[in-house]
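Proteins come first, then strands; the chains are lettered A, B, ... in the order of their sequence lines, and each starts at number 1. The analysis underlying the following values was restricted to heavy atoms, covering all of them including side chains, and did not include hydrogens, waters or symmetry mates.
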Amino acid sequence: MSSKLPPVKVKDPTTGKEVTLTPIKVWTLAPKKGKGVKIGLFKSPETGKYFRAKVE
DNA sequence: GTAATTCT
DNA sequence: AGAATTAC
């Protein structure tokens with residue numbers, strides 16, 4: 001099956017609503033200097049727009 | 001600016 | 001090619 005990444009609560013910047021979405025992809029965004037953060041790629045169910053947000 | 005990633 | 005994402 002294709003259940004891999006858990007759903008995360010993110011603020012959808014296109015609607016301003018907090019929604020629980022399963023990320024399309026998650027990766028670590030980190031410079032050589034520092035720890036960095038996890039970023040997820042999402043698609044808004046309301047607008048169909050893609051957006052990226054931090055994944056904790 | 002830097003890091004990776006992917007959509008536009 | 002340029003945008004966006006977080007936080008240092």
| remark: A:F42 atom CZ is separated from B:dT8 atom C1', nearest whole Å, by 19 Å

| query | So, for A:L5 and A:P23, which heavy atoms are closest and what is the spacing to 0.1 Å? | reply | CD1-O, 3.4 Å

| task | Go through DNA chain C in 5' to 3' direction and return only the first and the last nucleotide with some atom under 4.0 Å of chain A's heavy atoms. | result | C:dA4 to C:dA7

| remark: Within residues 12-23 of chain A, the residues having a heavy atom closer than 4.0 Å to DNA chain B are none

| Do A:T28 side-chain atoms and A:A30 backbone N/O form a donor-acceptor pair below 3.5 Å? | no

| Is there a residue in residues 49-56 of chain A whose heavy atoms reach under 4.0 Å of DNA chain B, and which residues are they? | A:Y50, A:R52

| request: Would you kindly compare A:K32 and A:L41 by the position of their nearest DNA chain B nucleotide and give the one closer to the 5′ end? | output: A:K32

| Pairwise 5' ranking along DNA chain C for A:I39 and A:K33, keeping only the more 5' one | A:I39

| task | Could you tell me whether A:K25 contacts a base, only the sugar-phosphate backbone, or nothing, with contacts defined as non-hydrogen atoms closer than 4.0 Å? | result | sugar-phosphate

| task | Search all heavy atoms of A:K43 against all heavy atoms of A:L21 and return the closest pair with its distance. | result | O-CD1, 3.9 Å

| said: Evaluate A:Y50 against A:I24 for side chain to side chain contact (heavy atoms under 4.5 Å, CB included), listing each step before the verdict. | reply: CA-CA 10 Å; A:Y50 285 93; A:I24 295 161; 3.6 Å; yes

| Quick one: are A:F42 and A:D12 in side-chain contact, heavy atoms under 4.5 Å? | no

| request: May I have the distance from A:L29 (atom CG) to B:dT5 (atom P), rounded to whole angstrom? | output: 10 Å

| field | Exceeds 12 heavy-atom contacts within 6.0 angstrom, atom CD of A:E56 | value | no

| query | Less than 4.5 Å apart, any side-chain heavy atom of A:V55 and any of A:I39? | reply | no

| query | Looking only at heavy atoms, which two atoms of A:V10 and A:K54 are closest? And how far apart? | reply | CG1-O, 4.4 Å

| field | Residue whose nearest DNA chain B nucleotide is more 5′ - A:W27 or A:I24 | value | A:W27

| query | Would a 4.5 Å heavy-atom cut-off, applied to side chains only, mark A:F51 and A:L41 as touching? | reply | no

